[in-house]
Amino acid sequence: MKKIIKSVVLLASVAMLASCADRLDVTPPNSIYDEQIKELLENGTEAQKQTILKAIVNPMAQYFNNYDRNNVCSTGSANVMNYSYVGIEWGRSLLGNDVALGYDLESYDLAGRDLYQFVVDYRIGNSNTNYCHWTTYAYSINQANSVLGYMTAELAEKDALFKDGRARALLIRAYSYMCMMEEYQDAYLLGGKDKLGLSIYKEYDPKQAPVARSTSEETWNFIKGDIKEAVTLLSNAGIGYTAGRANAEDFDLGVANFLLARASILTGDYATCISACRAIIASNAYSFIANDNYGGRNTGAWTPTSEIEVKPETNAFTNIAVNPETILGYTVTSSFYQQAAVFFGLTSMFSSYSSSKSTARIDDRLYNKINANDIRKDAFLNFEVGDYTFAVNGAVAKIPSYASMKFSSTDALNNDGTDGAGTPASTTKCDYTKFRLSEVYLMLAEAQNASGDANGAKTTLNTLLAARTKAGAAALTCDNYGNNSNLAEFIQLQWRIEMWGEGGREYYNNKRWGVNVDRSGSTVHPKIVNYPANKMTLAIPERELQDNPECVDNQIN
């Protein structure tokens, strides 16, 4: 990370200051220095302060959806698994049991075939899949530290504007460190607590000395400390909970408490997790996805395949306008949408990857555990569709059984999120939801059960299950759903069903639960793989070890 701090952030900071110079009425007109920015933040007019904040703080929203914009990975590779958050997370989804990729061993490599089939060791320090993850998260940390150099704690005491600005940078830094801890250390409750964490950099300074790795406990305390400070700042600034498509990428208490809940569930801090989840739910800012909007729905016919029509505006996973669960997301008109389209290219059954035999499918073993009255079962096909002509490239291929409709559409989304744009070759132009309400309920139920409150956990899950019950059927509950002999395992099952294909959750959950990859008995995975959860920790990248002599490597087996 030391190398990244010296090079990447310096370039980004110069660009950031240049953008400020173009907007501020100062002399000279095209040059502005740190001291000038700090002076204007302290004593400038309201308009000048707003301009600076717009230039250096508002862009923080992109770092929940980052990608290797400056090619710091230098991989020379087009593989989207390596250089964007959505690619990283989808790649992690492929390293589990529940997401199957394609229907034979020849699926298109750029969709993650080699990763999915475990033909390479993705953990080693010189692999693109490892190093690109490190540098992309490190870049986000450094950008946050650069902003925090302006948005100081002292300045935040003076004005709500600066409280907001500081909170944004703190949340990005905390989230980025959290993602790195999930990758580069063992699960906290399965031995990781007593091991090393990460090198903690609290400020941007190209000349600062290399920093040794802190303990895992120190690193997690630092992460949660940032989030808690952000919660306080947002509360004091009067920034509560916002929802709706126009507010999708807002940094608010919903995002802050979501991250606090996630950091807490990862570290067994169940009381804090419960409190944060309850705060989000009690806000009443978010509600569950309607049954008709849970995944794509074919309003045409399956045969002939030319009549297949799956509208993006009616699918909550492609249109935030019909996804009242969205806590953080990006619309197609967002300045920071960037690589979100990659996600739909990888996951939609109508994308170019699917036409190359890389259709995203649900493992039949999980599909069969979904209750027949659960609307989520309809997000996957239980039949095969014959040859389909893909509008995106004209290719003809079958759509196999168990294919996912969850993130699919046959059209592009209009900018206003209402009707399909009528451009079926652009099926990846859809809104993207990053954090949502259902995960809050899952974290809450897990934390309640782990705290000894089984009845509370059931009540929480029953609320979610009722929202997923098909119209006309008796409300699903923990007691009538099936596969419910063990509550902890039932909670894990609901995680797998609800969060299928989202954020790499299955992989990260498997790691922290100690659940191995075991594809034995599946009729959907084209290759049987067994892989232990205790081998899911990455080595520190070789370049980091070379650039930071204070850093020591993980001992991976």
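- No side-chain heavy atom of V57 sits less than 4.5 Å from a side-chain heavy atom of D164.
- Panel note: side chain N65, backbone Y337; a donor-acceptor pair is recorded below 3.5 Å.
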Passes side chain to side chain contact (heavy atoms under 4.5 Å, CB included), E502 versus F435? Steps please. CA-CA 9 Å; E502 296 182 58; F435 306 140; over 6 Å; no
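- Other residues, nucleotides and ligands place no more than 12 heavy atoms under 6.0 Å from the CG atom of D292.
- A salt bridge is absent between R92 and E182; no separation between the charged side-chain nitrogens and carboxylate oxygens falls under 4.0 Å.
- A distance-only check finds no donor-acceptor pair linking the side chain of N510 to the backbone of A533 [under 3.5 Å].
- Remark: the backbone N or O of A138 is paired with a side-chain donor or acceptor of N142 at under 3.5 angstrom.
- For the residue pair R468 and S438, a side-chain donor N or O sits within less than 3.5 Å of a side-chain acceptor on the partner.
- With hydrogens and angles disregarded, a donor-acceptor distance shorter than 3.5 Å links the side chain of R213 to the backbone of G197.
- Residues Y137 and Y85 bring their aromatic ring centres within 6.0 Å.
- The closest donor-acceptor contact from the side chain of T318 to the backbone of C430 lies at 3.5 Å or more, if one exists at all.
- If you check the side chains of E39 and N43, you find a donor sitting under 3.5 Å from an acceptor.
- Side-chain contact, E249 with S334: a donor N or O sits under 3.5 Å from an acceptor N or O.
- Scored by the side-chain contact (heavy atoms from CB on, under 4.5 Å) test, T460 finds Y441, L444, A445, Q448 as partners (sequence neighbours excluded).
- The backbone N or O of G192 lies less than 3.5 Å from a partner atom in the side chain of S216, making a donor-acceptor pair.
- Q492 places none of its side-chain heavy atoms less than 4.5 Å from the side chain of N509.
- We find that R245 and E313 are not joined by a salt bridge, their nearest charged nitrogen and carboxylate oxygen being 4.0 Å or further apart.
- With no hydrogens or angles considered, a side-chain donor-acceptor pair links N257 and Y241 at under 3.5 Å.
- Put simply, the side chain of R436 reaches to within 4.5 Å of the side chain of M499, judged on heavy atoms.
- A pairwise comparison of heavy atoms in L476 and L465 identifies O-CB, 3.5 Å as the closest pair.
- Side chain to side chain, D226 and Y175 fail the donor-acceptor criterion of an N or O pair below 3.5 Å.
- Counting heavy atoms from C-beta on, the side chains of Y150 and F162 never come closer than 4.5 Å.
- Here the closest non-hydrogen pair linking T219 and L198 is OG1-N, 3.1 Å.
- Annotation: salt bridge (charged side-chain N to carboxylate O under 4.0 Å, His left out) contacts of K193 (sequence neighbours excluded): none.
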For K224 and T267, run side chain to side chain contact (heavy atoms under 4.5 Å, CB included): C-alpha distance rounded to whole Å, both residues' side-chain angles, the deciding distance at 0.1 Å, then the answer. CA-CA 10 Å; K224 288 191 279 188; T267 54; 3.1 Å; yes
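- Between W500 and F407, the angle of the ring planes stays under 30°, which puts this pair in the parallel group of the 30/60° scheme.
- Within the 4.5 Å cutoff, the side chain of K511 has no heavy atoms near those of the L190 side chain.
- Counting only N and O atoms by type, the side chains of Y508 and E183 include a donor and acceptor under 3.5 Å apart.
- Counting heavy atoms from C-beta on, the side chains of I274 and S451 come closer than 4.5 Å.
- Distance alone, capped at 3.5 Å, is enough to place a donor-acceptor pair between the D252 side chain and the G254 backbone.
- The aromatic ring centroids of F317 and Y294 lie less than 6.0 Å from each other.
- Checking side-chain atoms of N319 against main-chain N and O of D431 turns up no donor-acceptor pair under 3.5 Å.
- Ring geometry, F251 versus F64: the interplanar angle falls from 30° to 60°, so the pair is classed tilted.
- Here A488 pairs with N449, N486 under the side-chain contact (heavy atoms from CB on, under 4.5 Å) rule; sequence neighbours left out.
- Between the side chain of E325 and the backbone N or O of I289, at least one donor-acceptor pair lies under 3.5 Å.
- Applying the side chain to side chain donor-acceptor pair (under 3.5 Å) test to R505 and every residue at least two apart in sequence or in another chain returns E439.
- Minimum heavy-atom separation, I172 to A144: CG2-CB, 4.1 Å.
- Counting heavy atoms from C-beta on, the side chains of V147 and M60 come closer than 4.5 Å.
- Among residues two or more places apart in sequence or in another chain, the salt bridge (charged side-chain N to carboxylate O under 4.0 Å, His left out) test is passed with E229 by R166.
- Between the side chain of D269 and the main chain of S264, no donor-acceptor pair closer than 3.5 Å is present.
- For the residue pair N462 and T477, no side-chain donor N or O sits within less than 3.5 Å of a side-chain acceptor on the partner.
- Within the cation-pi definition used here (under 6.0 Å to the ring centroid, within 45° of the axis), R496 does not qualify as a partner of W513.
- In this structure, Q143 and N66 have side chains that are not in contact, with every pair of non-hydrogen atoms separated by 4.5 Å or more.
- For N415, the side chain to side chain donor-acceptor pair (under 3.5 Å) partners at least two apart in sequence or on another chain are K429.
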